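First up is the structure itself, then whatever we jot down about it.
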Amino acid sequence: MATSQGTLLDQLNEPQRVAATHGRGPLLILAGAGSGKTRTITYRIAYLIEQGLCPADRILAVTFTNKAAEEMRKRVAEIAGAPRKPPLICTFHSLGVRLLRRHAELLGYGRDFTICDSDDQRRILKRVYKNLGLIESEIPVRRAASVISRAKNDAWPPEEYEARSRDRDAPVLAKIYRDYQDYLRISNATDFDDLILLTLRLLSEHAEIGERYGNWYQQILIDEYQDTNRPQYELIQALTAFHQNLCAVGDEDQSIYGFRGADIDNILRFEQDFPGTSVIRLEQNYRSTQVILDGAGAVVSNNVQRKGKTLWTADKGGSQIEIFTAADPRDEAEYVGQRIVRYLGEGHRHFAILYRTNFQSREFEEILNREQIRYRIIGGVGFYARKEIRDVLAYIRLARNTSDNVSLLRIINTPTRGIGAKTVQTLQGWSEESEGRIWDSLVRALGDAAFPGRAHRALQRFREIIDRCRSYLERPLPILIEQVLEATDYLEALRREGSEESENRILNLQELVNVAREAEQADIDLQEFLDQISLRSDADDYDEAAPVTLMTLHNAKGLEFPVVFIVGCEEGLFPHSRAILEDDLEEERRLCYVGMTRAEKRLHLSHSKRRRLYGSGPSESNLPSQFLMEIPPDLTTELTSPRVQRYSGPGFPQPHVPFQKPKRQFPGKTYDTKDSVRQFLDSIPAQEKSAGKIVRGATVVHAEFGPGKVLHVEKTGKDLKVTVRFPGIGIKKMLQSYAKMRPV
DNA sequence: TTCAGAAGGATTTTT
DNA sequence: TCCTTCTGAA
């Protein structure tokens, strides 16, 4: 074999090698950022296979994201060759799906169960609220969702919730939780948390299954152990009970998923849980310069809750950390844009722009577009979250699993086919007789001719569509999707609409067919395809092709970039106001540490003096993040935007564009259709216009526009009111121009 | 039943 | 500001 043991291990330093070649028994690898922890366990897997210490398919490795799993699979195959029966490398959730697809009946679920994401969850909760006669203002759906998730992560079943919770609204929440869970059960569906909990139940309640898998997996490796939560921890316990060969890798300073129930104690108590554990520390960093490490270390050392360690690197010195004070987010984006342009000139090729919340990406996108720099954005509204994609997938899900009420309600009248709210409600009422399965009640109602002619025909049509979809299920993936689009009239409805938006949707659907084609070529069947989509995070789409990557700090975990910009370092944003309120600064600080240690060579931190949070009102004046103060000044270079001066004085900011009011005439023209009004708006140069509502039935006689943006067009009485905003002028000074109109 | 227009709520972070 | 949901008219 080309990769002899010698060359394989030459890639590692001493402690890494000790870890990779560790034989039997529990092993805890405490590693710092950039110390090659993933690399170490990758080599360990290859080593176990090569040395014949464990059959490849009896190795289980759990990673944090699907992307990481994919990468690790590839690396292992490169080093150890691709064994006929490869090791199982996946996330906790996909491990759960894998086991549940085989044994779901034991838990009272069908094997075709649907996986609900947070959007489905929201829909279910809204239904539950309606049935219970609750209104959202009392308990926001978001809150209910997080309460339920928390309860599940604490392993509290619905019936115990009320007794255990100390929440003021516990009685109501308990009902919501119960009905929500019933609804999932009826729909033969699970949420993300269930995937872990049900697997756990499967292994513990069915001893023979637990034994089978516990026996099978001789070596288990877990990456990012600090981010495991309680149920995941128990799952590990169940699987390792027999062989006790668990290798966990983690860094307590990188625990950033507390909000999801990640329990830092899991790593702190490892040695107690697994007597005889060997502990190996990896403290040498191979990624960043000493300056970056010292800066990040100084920040995180303000945390009380840590064992403490000092990272070191052979790469001494390094450039100073640059801290930039911007006047506003636009200014901040300009700074980042200019720096990137300069770095590109110097030959740098990879950059990351990291922020705390997804909405911050906008300004940076604009600048990058202007500079014609390609970028990739991770998170936000992902491809698979789009309405049209979800709709089509819902058809397929329903065809596979007719119990799936969530999918059914989603598409029963999409595209509109004359099945209104009333009809749906009636159907739901009748579904009690079929354990809540709406599809069954629909079929029954058709048999009994229970609806009047029109509704009956509409329902009949819907039923035929689903039946037709079902007959396509066995066909190749791309063909299946095309035929579903055909059978459901989905594309046709979009084409009829003929708007720019619907054009886009059509393109997205074509893209879905392409994705399906690729999946088919990779020999992925329908079930796997759907599962992969359900479990996919947008971070999994990460691709190294574009020079600039924009993402949240959370998404950046495990990645590295030569140049990193952390933007929006302001009190209230990062650390987030919510974290300040809930006194959870330590996790935010770890997040800062994670972000800073992504940088190999250069690190830039920036903050804006002003930032407007959700639109209205004058922008807030922001203090720089406390984390910035925690970096020793001798490691930093501080820069201030020249624009800060102008804004820092008292009083309202002065407009930097001199005010003028050129006039433009639109005499006597009739705008009586949506399209003609749209045309009218289109005749205004694009840069002057950011938004416009379209009014029908108007004759615009006259309008005035300045060099500002058209914000709003509305009909008041017989007037068409056009609101224009000029740059640099506050909302109060917003100008309004009028166009008179008369009825057509 | 459907659509347009109006009102109201929302922003952490993810599998 | 933007997006979702609600409401009333056709």
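Naming: A, B, ... by sequence-line order, numbering from 1 per chain. It should be emphasised that the depicted structure is a prediction, and the values quoted were computed from it without experimental measurement.
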Residues that [X] engages under salt bridge (charged side-chain N to carboxylate O under 4.0 Å, His left out), provided they are two or more places apart:
X        : result
A:Glu492 : A:Arg495
A:Arg463 : A:Asp467
A:Arg101 : A:Asp531

Tell me every residue that passes side-chain contact (heavy atoms from CB on, under 4.5 Å) with A:Ala450, counting only those two or more places apart in sequence or in another chain.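 Per chain and number, A:Ala450 pairs via side-chain contact (heavy atoms from CB on, under 4.5 Å) with A:Trp430, A:Ala445, A:Asp448.
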Taking side-chain contact (heavy atoms from CB on, under 4.5 Å) as the test, write out the residues that go with A:Glu588, two or more places apart.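 Expected list: A:Arg356, A:Phe574, A:Pro575, A:His576, A:Ala579, A:Phe627.
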Could you check whether [X] gets within reach of a base, just the sugar-phosphate, or nothing at all, counting any heavy atom under 4.0 Å?
X        : answer
A:Lys126 : sugar-phosphate
A:Ser534 : nothing
A:Asp117 : nothing
A:Arg590 : nothing
A:Thr423 : sugar-phosphate

Just to be sure I understand the geometry, which residues of residues 249-260 of chain A put a non-hydrogen atom under 4.0 Å away from DNA chain C?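 Hits under 4.0 Å, by residue number: none.
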Say you pick atom P in C:dT4 and the same atom in B:dT13; how far apart are they, in whole Å?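 Taking atom P in both C:dT4 and B:dT13, they lie 16 Å apart.
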Tell me: CZ of A:Arg142 to P of C:dT5, nearest whole Å?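 Those two atoms, CZ and P, are 13 Å apart.
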